Amino acid sequence: MPRIRVEVDGATYEDDVEPRLLLVHYLRERLGKVGTPVGCDTTNCGACTVLLDGLSVKSCSVLAVQADGRDVTTIEGLGAGGPHPLQRAFHEEHGLQCGYCTPGMIIAALDLLRENPDPSDAEIREGLEGNLCRCTGYQNIVRSVRRAAGDMRRPAQEQEAAS
Amino acid sequence: MTATEIGSARRRSEDARLVTGRTRWTDNIAPAGTLHVAFLRSPHAHARIERVDTSGARGRPNVVAVFSGADLADEQGSLPCAWVVTDDMKHPEHPPMAVREVRYVGEPVACVVARDRTAAVDALEEIDVDYAPLPAVVDMDAAVADGADLVHGDLGTNESYTWVFENGDLDAAMRDAPVVLERRYVQQRLIPTAMEPRSVVCVPEGDEFTLYSATQIPHILRLMLATVTGVPEHRLRVVAPDVGGGFGSKLQVYGEEVLALLLARRLGRPVKWTESRSEGNMTVHHGRDQIQRLTLAAEADGRIRGLKVDLLADMGAYLMLVTPGIPLLGAFMFNGIYKMDAYSFTCTGVFTTKTPTDAYRGAGRPEATYAIERLMDELAAELGLDPIEVRRRNWIRHEEFPYDTIAGLTYDSGNYEAATEQALRLLEYDKLRAEQADRRDRRDPVQLGIGVSTFTEMCGLAPSRVLGSLSYGAGGWEHASVRMLPSGKVEVVTGSSAHGQGHETAWAQIAADRLGVPFDDVKVLHGDTAVSPKGMDTYGSRSLAVGGVALYSACDKVVEKAKKVAAHLLEASEDDIEFTGGRFGVRGVPDSGTTIQEVATAAFAAHDLPDGVEPSLDSDATFDPDNFSFPHGTHLCAAEVDTETGMVKIRKYVAVDDVGKVVNPLIVEGQVHGGLAQGIAQALFEEAVYDADGNLTTTTMADYLIPSAADLPEFVTDRTETPATSNPLGVKGVGEAGTIASTPAVVNAIVDALRPFGVSDVPMPCTPERVWRALRGESARDTAEPGAGGGLGSIGGAR
């Protein structure tokens, strides 16, 4: 079994893994990082989105071995010193109901705002097309991301925390 | 007492854990020593099981046990149906794992229990099953025709029941009516698709069991599991942890839940199962799926005389918990908000070799609302009237409430005029009608349509007496208790457990107001039968209108008791005690007083209580209203339809809902948004498709299209407020309203855009291809999937 070394939310893990093991199952079952949920098995829903070396990926479409030597950020790694602006904005704008899609939605939004710090509503909607929500009708998710974008553009130290 | 929390758009307390991933989904729960279950499922829509050989799987690494349906036949029982709608309803046995015959693709046949999920899934491949295929029964019309192949051979028919309601003289209403419309609409089959897949974990502790499940109904589930498995109810605890959406699909007793309990009992170890999405699409109960034959008779001025409704409702292969009752919930709603002289409703429940159907957001009412709201637009077109005007001539006027409807309900309150005026203003109706006329004149390839939906629904599913008269197996009351802790903090317990609606916030708001304590001092407990001793759970938009009201009265009981203690402590007569903002004062003695928290402490210490008052400050209450509640509203949709490509774009969507008094406007708005998304999705995107052999071809999210952010518009939402009179809070319920109202609004808009081309119907979902075909006069047949759901389209056709 291949041995991998992965940095997840600031801690280093070394494990022997089956080559077929998906990153999301490695995170959930081996590391106990259950903040990242699984919503489908065809990479359609985006619930399991995490950052891999700073870029968003659906962790059900990445093998654990592909994360070897790389850096993973999950929802549990955000907001160490208080809520991240996106976490705060989702709360303020009621951007979640059951909350199952929320970790993936926040991580995907983080990557979206890295690429485009001042997106239009249409750009937010397009940017989050790969993340499905069944509760909110998306309207408040769009508002949340718009609000977080504003908050993140303002103070420099928060911008840094987000990247 | 001044209320400041009720009505305030407070941000939700639930969010803190949800936005940080510190949640307790069932799939996050894995006690030490947990064994994992995987199910082998039928690849046939219908087949006899000749032989199941599990020996190959038993020898696989890390496999602990393997069972076929036959292995568990003696103890697995039959899954319950709690709604026996007629005395002679056909109600076949429904084993959690099939024993002799499979009747839909995905039905479980055998299971592997292993040390990890991968090992369990791998070992499924080593199970050999010999099937003798039998004819699939896919199409409802064919299923009820003479000589049809049978789903359950021993029943001799595919008809489970026929249920009839009649009021008024329909023959007289139809006779010589100036206008008679006949239409046939199809409610396509939908897959509820909660984001959280189903999951269950059962932990044995001696002869007691704790079962965690992603369920909407922990209390009902406990009772049903006890009945099915023989595990005594008091030795079984059911916990619904954080639940990631349900929309009705988790209002169920699933075979996998029964089997998790049986396997945990047999093996003496925690047992866990979590579905994959493709497994879920085949086995989570589906929704809708009706063929509606409708006849509406009206006067020349548009006034409705009578309505006749004939339904075929697809039950799927088996009756689940409330399967047969779902179409009946529509029986009371086909008349909508309109007055008429006669009404007749007949529903036949039909067995097919497909996944069973049951409640999906709105449950029966979206189907009914779709039919009447489509018919109202058809009537307007027939008479050359504006669709708003036709509705105005028929609806119950504000001053006529309470109103006894032709379908036998009493609508307690409503103001259809106000909601409609508001919606027309927000849409800029006249301006858009002018633009529509202009586009028609110009023969613009992109036509504009305006769809109207003026709806009401019955919700707050409760009056136990009424549910009993409909042969529903349980009551509809709800329970709450309030415990003031010795420190003055408050724990609130509700029998209604949430799956994303925000109970923890709304219930705390009610308690904070009624008890006069800070919001943050209230903790709401729910979803655990060991914590919440009784309840009827969450469905039918009943949580606030029944459960929230139970809390309201439990709080009042606490205040009443506290008042006695306060009077004693303050050495005053109870009659002189005033309670304001959490403080008991003595009338006319401004300096004296005590807080409810101080009273709680004193009641806990019990050193000096008045005679006859028991220690501690707590109370519980149940509420069983004497009527349903009836949210209503007006939804308007303006859609642009490209006549060259069939593409539909919602240009503007306005929803004005009246949900009575509002506890938290933020939560209400969110519920409306989500409901709209699901209703619009039925109109435009979603359909569970079966091929002629009974294979579900939409097993994944790649095939079953739920809308993304890019597929939906920004909604314009607003409210009018006409309090319900059936409960002291004046609340009505909001969970299903958006879904119920929006589907006909969207389809009416599409048809409105295309009427100049002779189009009078487009079958749902109105995909570009179907719109394009309707424009070319091909609306009477669904050509995409031969055999799928029967002929989609309309009778009465293009004019």
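In this text, all values refer to a predicted model and were calculated from it rather than measured experimentally. Letters A, B, ... are given to chains in the order of the sequence lines, protein chains preceding strands, and every chain is numbered from 1.
With respect to R198(B) and E275(B), a salt bridge is recorded, a charged nitrogen being found less than 4.0 Å from a carboxylate O. Classification of E504(B) and R12(B) as a salt-bridged pair fails, no side-chain N sitting under 4.0 Å from a carboxylate O. A salt bridge is absent between K652(B) and E714(B); no separation between the charged side-chain nitrogens and carboxylate oxygens falls under 4.0 Å. Checked for salt-bridge contact, R24(B) and D242(B) miss the test: no charged N lies under 4.0 Å from a carboxylate O. Salt bridge E7(A)/R70(A): absent, no basic N to carboxylate O contact under 4.0 Å. Here D118(A) pairs with R153(A) in a salt bridge; the nearest charged N to carboxylate O distance falls below 4.0 Å. Using a 4.0 Å cut-off between a side-chain N of Lys or Arg and a carboxylate O of Asp or Glu, D41(A) and R277(B) do not qualify as a salt bridge. A salt bridge does not link D68(A) with R5(A): every distance from a Lys NZ or Arg NE/NH1/NH2 to an Asp or Glu carboxylate oxygen is 4.0 Å or more.
Ranked by heavy-atom pairs shorter than 4.5 Å toward chain B, the options T74(A), T43(A), V34(A), N140(A) are led by V34(A). Chain B forms the most heavy-atom pairs under 4.5 Å with one residue out of T102(A), V38(A), T136(A), L128(A), and that residue is T136(A). Annotation: maximal heavy-atom pairing with chain A below 4.5 Å, among S278(B), G675(B), G502(B), A677(B), occurs at S278(B). If you tally non-hydrogen atom pairs under 4.5 Å between each of D711(B), I667(B), V243(B), T23(B) and chain A, the highest count goes to I667(B). Each of R17(B), M195(B), E14(B), Q671(B) has some count of heavy-atom pairs under 4.5 Å with chain A, and the biggest count is that of M195(B). Per-residue heavy-atom pair counts under 4.5 Å with chain B were compared for G79(A), C133(A), C98(A), G99(A), and the maximum is reached by C98(A). Of the listed residues (M105(A), R125(A), H94(A), R20(A)), the greatest number of heavy-atom pairs within a distance under 4.5 Å of chain B belongs to R125(A). Of all the listed residues (E76(A), H91(A), E129(A)), the one sharing the greatest number of non-hydrogen pairs under 4.5 Å with chain B is H91(A). Of the residues considered (L666(B), T700(B), I680(B)), L666(B) shows the highest number of contacts with chain A, using heavy-atom pairs under 4.5 Å.
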One pair to check against salt bridge (Lys or Arg N to Asp or Glu O under 4.0 Å): R143(A) and D121(A). What are the steps and the verdict? CA-CA 8 Å; R143(A) 281 184 198 161; D121(A) 282 6; over 6 Å; no

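Using a 4.5 Å cut-off on side-chain heavy atoms (C-beta onward), I107(A) and L51(A) make contact. Side-chain contact between S144(A) and L86(A) is absent, with no heavy atoms from C-beta onward closer than 4.5 Å.
Closest approach of L113(A) and A149(A) over heavy atoms only: CD2-CB, 3.7 Å. Considering all non-hydrogen atoms of both residues, S213(B) and T26(B) come closest at C-OG1, 3.5 Å.
Interface residue L132(A): backbone and side-chain heavy atoms are both found under 4.5 Å from chain B. Interface remark: Y138(A) contributes side-chain atoms only to the contact with chain B (heavy atom separation under 4.5 Å). Contacts between R22(B) and chain A at a heavy-atom distance below 4.5 Å involve the side chain alone, from C-beta outward. Neither the backbone nor the side chain of L676(B) has a heavy atom closer than 4.5 Å to any heavy atom of chain A. The parts of P707(B) that come within reach of chain A are both its backbone and its side chain, each placing non-hydrogen atoms under 4.5 angstrom from that chain. Only the side chain of E669(B) comes within less than 4.5 Å of a heavy atom in chain A; its backbone stays farther off. For chain A, no part of Q501(B) is nearby; none of its heavy atoms comes within less than 4.5 Å. Neither the backbone nor the side chain of N131(A) comes within contact range of chain B; no heavy atom of the residue lies under 4.5 Å from a heavy atom of that chain. With a threshold of 4.5 angstrom between heavy atoms, V672(B) does not approach chain A through any atom at all.
The stretch residues 21-30 of chain A places R28(A) near chain B, each with some heavy atom under 4.5 Å from a heavy atom of that chain.
Not less than 6.0 angstrom separates the ring centroid of H286(B) from the ring centroid of Y360(B).
With rounding to the nearest 0.5 Å, the separation of CZ in R117(B) from CG in N62(B) is 15.5 Å.
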